[in-house]
Protein chains: 2
Amino acid sequence: MALRHAVLAALLDGEYSGYQLAKIFDVSLSNFWYAVPQQLYAELAKLEREGLISGRQVIQRDRPNKRLFTVTDAGLAELATFAATPSKPSSIREDLLVMVQAVDRLDPAPVIAQLEERAVTAAAKVEIFDRMLQRLRGDLDEETFLREGDRIGPYLTCLRGRRFEQENRDWCDQAAALLRARAPLSG
Amino acid sequence: MALRHAVLAALLDGEYSGYQLAKIFDVSLSNFWYAVPQQLYAELAKLEREGLISGRQVIQRDRPNKRLFTVTDAGLAELATFAATPSKPSSIREDLLVMVQAVDRLDPAPVIAQLEERAVTAAAKVEIFDRMLQRLRGDLDEETFLREGDRIGPYLTCLRGRRFEQENRDWCDQAAALLRARAPLSG
DNA sequence: CAGACCATGTAAAACGTTACATGATTCG
DNA sequence: CGAATCATGTAACGTTTTACATGGTCTG
């Protein structure tokens, strides 16, 4: 029961449709939770049935109509309960790490290739996060924004995402370089 | 179908029982994958049925008997296929981040408390990882080990785990301090 | 003698992923 | 005119989590 809280948290930013939420929760760049569109449509329906969010139809001329959702008082209360419940750390589950764990007993070439690829995509994500951070803090510098800005929640999660991808990039680079140096004939 | 590969990768280190694997895959400190014991027993049975691992009974006097498993040639081939298959990055799904995302609209006190707690457990994990790294590299220094040691796979994944927890700690500390400074009456 | 550790499982429920399904509009 | 974007779902399948179940030894 965690997606529900992630959806509620996302809707604190303002009204969103399922489709818009799907972009926020996209694999490629979710700074606090990840989910595919199908999950979101299902969860939104459920949350509305339970009265934690309420939707309103928006008729559009040029595009298909959509439904925008906002958090109700009951939804906010649900979030408060969630925030007061002790949470367990989510643990590592990453295919690429499994491959690296086994790399000594396998042909390292495909693993090296994937590490190098991942380093590039991680670097790209770092840049996207940087732009997101800039947009969030407006014309304030980071220190000032964090001290005085409103809504620092999204900024903080974005910072975490940025650092994670930076570490990811550095580690992938290091691992790829090392494996390459040790197996100069492959790759 | 990824747990199977994680189990195979873990068994490259040597023979293990389900119980021993459970400790390697434990929530509190898995450097490349996480799984609960029940998953492991089920997966081991499946892998054995498919001939990717083979188990042998070990009779013990003082303790319950156990079964130790090793990877077969077919298992190694399966791992090789896996390593050559492009992998998708695993994305963020962390309750604590959801709470921080929403913190501006909630009572920050319980969130701050959780951040501070998490910082402590993350710091503890960093130390455990440091000891694991020391053990893995023996009396070599890191640079030498990474250049010349055998089985650097586990070392690299451990390094990744360490850095992740370090970042986690730093971020939790920063976020907690900031939220505390902004809401001096709570917590 | 209580609690932790060793050791292995079954079963049900919850959750997440993948495939399928539809249809309009805008951009190159 | 094909691809991308907007917009919303259903159904089947696979994976993970949680609860239940058992029983011996070792440590304080």
Side-chain angles (χ1 to χ4, degrees), chain A residues 1-7 15-30 33-50 53 55-69 82 85-95 98, chain B residues 1-7 15-30 33-50 53 55-69 82 85-95 98:
Chain A
M1 287 248 190
L3 174 58
R4 57 193 305 100
H5 301 116
V7 170
E15 287 186 316
Y16 289 115
S17 66
Y19 186 83
Q20 288 174 295
L21 282 175
K23 282 192 288 187
I24 295 171
F25 284 82
D26 191 65
V27 204
S28 57
L29 211 79
S30 52
W33 201 264
Y34 148 74
V36 294
Q38 291 89 335
Q39 268 179 285
L40 294 168
Y41 286 116
E43 197 63 44
L44 285 169
K46 216 168 144 194
L47 284 167
E48 195 179 22
R49 248 184 284 129
E50 294 173 31
I53 60 175
R56 65 181 184 92
Q57 181 91 9
V58 174
I59 282 95
Q60 298 185 115
R61 259 177 241 165
D62 302 348
R63 296 173 188 186
N65 296 335
K66 61 181 174 183
R67 301 198 66 216
L68 295 181
F69 296 92
F82 168 68
T85 306
S87 62
K88 283 182 207 158
S90 76
S91 298
I92 299 170
R93 261 185 195 156
E94 170 79 60
D95 283 345
V98 175
Chain B
M1 288 249 191
L3 175 57
R4 56 193 306 101
H5 301 116
V7 170
E15 286 185 316
Y16 288 116
S17 67
Y19 186 83
Q20 288 174 297
L21 282 175
K23 282 192 290 187
I24 295 170
F25 284 81
D26 191 66
V27 204
S28 57
L29 209 81
S30 52
W33 201 265
Y34 149 73
V36 294
Q38 292 89 332
Q39 269 179 285
L40 294 168
Y41 287 116
E43 196 64 44
L44 285 169
K46 217 168 145 194
L47 284 166
E48 196 180 21
R49 248 185 283 127
E50 294 174 31
I53 61 175
R56 64 182 184 92
Q57 181 92 8
V58 173
I59 282 95
Q60 298 184 118
R61 260 176 238 168
D62 302 349
R63 297 174 186 183
N65 297 334
K66 62 182 173 182
R67 301 198 68 217
L68 295 181
F69 296 92
F82 169 68
T85 307
S87 63
K88 283 181 207 159
S90 76
S91 299
I92 298 172
R93 261 184 196 158
E94 169 80 57
D95 284 345
V98 175

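What you see below is based on every heavy atom in this structure, not just the backbone, and it leaves out hydrogens, waters and symmetry mates. Below, read A as the first sequence line, B as the second, and so on, with proteins coming before strands; counting in each chain starts at 1.
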Rounded distance in Å - CZ (B:Phe69) to P (C:dA7): 13 Å
Residue-phosphate contact under 4.0 Å: A:Lys23 side-chain N/O, D:dC6 OP1/OP2: yes
Rounded distance (Å) that lies between atom P of D:dG9 and atom NZ of A:Lys46: 16 Å
Whole angstrom value for the distance that separates C1' of D:dG24 from CD1 of B:Ile59: 16 Å
Angle by which the axis turns from one end of the helix from C:dC1-D:dG28 to C:dG28-D:dC1 to the other, five pairs per end, to 10 degrees: 50°
Whole angstrom value for the distance that separates P of D:dC6 from CD of A:Gln57: 18 Å
Phosphate OP1/OP2 of C:dT17: any B:Arg93 side-chain N/O under 4.0 Å: yes
Heavy-atom pair of closest approach, residues B:Gln20 and B:Glu15: OE1-O, 4.3 Å
Nucleotides 19-28 of chain C: protein proximity per nucleotide (B base, S sugar-phosphate only, - neither; heavy atom, under 4.0 Å): BB--B-SS--
Touch class at under 4.0 angstrom, heavy-atom based, for A:Arg4 against every strand present: nothing
First of B:Ala42 and A:Trp33 reached from the 5' end of DNA chain C, by closest nucleotide: B:Ala42
Whole-Å gap separating C1' (D:dG24) and NZ (B:Lys66): 15 Å
Separation of C:dT17 C1' from B:Lys88 NZ (nearest whole Å): 9 Å
Residue mapping more 5' on DNA chain C - nearest nucleotide basis, A:Ala35 or B:Gln60: B:Gln60
